[in-house]
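Chain letters run A, B, ... following the sequence lines, proteins first, then strands; residues in each count from 1. Values below: every heavy atom of this structure, side chains too, minus hydrogens, waters and symmetry copies.
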Amino acid sequence: MDFKERILTAMEHQEPDRVPVMGLVMDPATSNQVLGKQPADIGGLLNDPSMRGQVKDIINLSWNDIMYSNFADALEASIKLGFDANWTVYTSMEVVEDPQCKTGLAWHDAFGRLWEMTTDDKGNMLLNYICGLLTTEDKWEAWVENKRPSFDMMIQNVAGYHRKLVDNYGDRIYPIGYAAPGIFENSWQPIGFVNFSRFVYQKPNFVERVIAFHTDLYLRYLDAVMQSGVEVVMGGDDLGQKTGPMMRPELIEKLLGESYRRVSETVHKKGRKLVWHSCGNIYSLLEKFVEWGFDGIITMEPTAGMELGRVREQVGHKLVLVGNLDVSYLLVRGSREEVEAAVKKAIRDAARGGGYILSASHSHSSVDPKRLEWMVDAAHRYGKYPISI
Amino acid sequence: MNSDEQLGTLKESLLGLDMESAVEAARSLADGGGQAAVQDAVSAVSEALGVVGKRFQDGEWFLTELVYAGEIAKEVMGLLTPLLEAGAAEAAGTVVVGTVAGDLHDLGKNIFVSYARGAGFKVVDLGVDVPVDRFVDAARESSALALGMSCLLTSTEGEIGKVIAELERQGLRESVKVIVGGAALTEQFARHVGADAFAPDAITGLDTVKKWSAS
Ligand code: B1M
């Protein structure tokens, strides 16, 4: 079987030749290390006042190319590491002057989040969401109105971006397009969680309007991702935190249930499968995921108490499971024996009958490529079907 | 309505997540009585927040409810605090709080801040991505009772030990209690780096700081 057949067989809850392995490579820190590349010193250039303006303009003009080369490297690194699949993500950004930010520049995404750039000790670039720009109803309305052309542009870019990655890498790895961030995150993060919580109780109609807006936009976004032709697509929203869901499950159903059903319908109408990402402890939402029509889930964060065996027990083969090797210790500084033991346990807990793809539980710039190699190697050794460990 | 009934309404409104009614009840209490009434109202808020915290710990309430109850308490305290006699406000002590350097997660830290303020602490909120020196400087300058650090990333947990070492180096460790919380941390880790307490959630954290304040 090749990588594609392996993934698609697992997605059908059938047993491929061996357990497929998926990478969640996206941080330049990881790709550069695997490919032996030096990071481009964008941080250094932006910190130089004489260069900043020019560099900012170049970034804005060539953002699509920057995104593309970031994920081209991620795919190249994933191929080198032996993964069957890796995710691909597009984020739309504009760099603007902002004296309040450390570098004097802020990164605004299309949805109204403010991000800042930092670099790690090796000079690899990291972008982090800092806060929302749309803290009031008026600001939100004005942003959405002004940004209509940018949303259209973003949708176009998303489609071209994923298609190009598939055209150039699809014969060597299975690139799974990830429509991110999701509806919930696009609704609360630009507003801020405290404001969002306030609005849930004080301005429920506004919250519903925000979610309806992001649902429509997300469906267009998903459609653009699916234009790559890949049979599996990822969606996601962090619906959990360490001890449980971010909101009361009934409230999640009320605010987002219909949106998620529409998401699944959109994907299924195109004959594709949907794998959903959510961090946190989400046991109490698993049945909802099935009901909303998701085909699989990815992450199952071990640091939030998620265990593959328990998830499989709870939902059986109603969901394909993708995960969940720990990125807090195991894949950062775990020993080879520990990585191997974790891979064996994951296979034992979730792989019988197919419907399982092994992966890290999350992307993280501290994840060590050596540990990823051990993970792949152990999967090849112990993941042959029929499972005998 | 007598003041007992008003106190009851204040608590119930907070627990029923009715901001308007909670503020209204607090206003009537403040208008109708003197210092004692204001103090009673502050205690009522604090008690109600205790119930909220318990509901969250028991899994009956979720984040949005916890956050919104904190927001109601903030509004009510904003009204009551200026009416307290000088010295009565923030008598519980000062707590310096922030998310460690390199980490930008702030939801948990903000909940702790809002509940600590609701319980009558003066809180110096340093925000996110706080370097070692800012924690230590703020603790010294504010003569803090406690220093709270939030940390959700394994890659940044080393920052906590650095802050504690710097407090020691500057001779402040004896006078400042250190409490840590956040998804990346465990009780064991907190002990290992020499923190005084680990807070699995904001409410437990607040209970610990309250105990320190009372002792
Ligand atoms: C002072 O005293 C106290 C007392 C109590 C204290 C306290 C302080 N601090 C916390 N508490 C305690 O009280 C609170 C409630 O009672 C609790 O606080 P928490 O903060 O735990 O809980 C909050 C109320 C709700 N919980 C949260 O807000 C965190 C939820 C999860 C899903 C999460 C979120 C939302 C986010 N994230 Co991030 N995120 C995850 C989280 C998963 C998880 N298991 O928690 C986690 C923490 N993230 C992770 C990662 C990897 C990342 N995240 C990142 C980014 C983000 C978002 C921006 C998208 C968003 C944060 C938004 C924000 N403004 O905070 C990136 C890092 C950015 C940075 N430099 O900080 C990025 C690196 C992702 C990437 N590749 O870019 C993981 C860390 C893994 C690890 N072990 O290191 C993670 C566990 C998810 C996972 N699946 O593994 C208690 O811990």
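- Under the rule for a side chain to side chain contact (heavy atoms under 4.5 Å, CB included), the partners of A146(B) that lie at least two apart in sequence or sit in another chain are V95(B), K177(B), V209(B), W212(B).
- The most heavy-atom pairs under 4.5 Å with chain B, out of A304(A), G244(A), P249(A), come from P249(A).
- Among residues two or more places apart in sequence or in another chain, the side chain to side chain contact (heavy atoms under 4.5 Å, CB included) test is passed with D4(B) by N2(B), L7(B).
- Heavy-atom distances place the side chain of L153(B), and not its backbone, under 4.5 Å from chain A.
- Between V194(A) and V67(B), the shortest heavy-atom contact is CA-CG1, 3.9 Å.
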Report task. Give the C-alpha distance, both sets of side-chain angles, the deciding distance and a yes or no for side-chain contact (heavy atoms from CB on, under 4.5 Å) between L63(B) and F193(A). Result -> CA-CA 10 Å; L63(B) 269 191; F193(A) 196 76; 4.1 Å; yes
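- Residue L126(A) does not touch chain B at all, counting heavy-atom pairs closer than 4.5 Å.
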Kindly provide each donor-acceptor pair between chain B and chain A shorter than 3.5 Å, listing atom names and distance.
from: E60(B); atom 1: O; to: R248(A); atom 2: NH2; distance (Å): 2.6
from: L63(B); atom 1: N; to: M246(A); atom 2: O; distance (Å): 3.4
from: E65(B); atom 1: OE1; to: R248(A); atom 2: NH2; distance (Å): 3.4
from: E65(B); atom 1: OE2; to: R248(A); atom 2: NE; distance (Å): 2.6
from: E65(B); atom 1: OE2; to: R248(A); atom 2: NH2; distance (Å): 3.2
from: Y68(B); atom 1: OH; to: Q202(A); atom 2: NE2; distance (Å): 3.0
from: E71(B); atom 1: OE1; to: R198(A); atom 2: NE; distance (Å): 2.7
from: E71(B); atom 1: OE1; to: R198(A); atom 2: NH2; distance (Å): 3.2
from: E75(B); atom 1: OE2; to: R198(A); atom 2: NH2; distance (Å): 2.6
from: D129(B); atom 1: OD2; to: K102(A); atom 2: NZ; distance (Å): 2.4
from: A183(B); atom 1: O; to: K242(A); atom 2: NZ; distance (Å): 2.6

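- The side-chain hydrogen bond (donor to acceptor under 3.5 Å, both in side chains) check on D40(B) picks up nothing, with sequence neighbours excluded.
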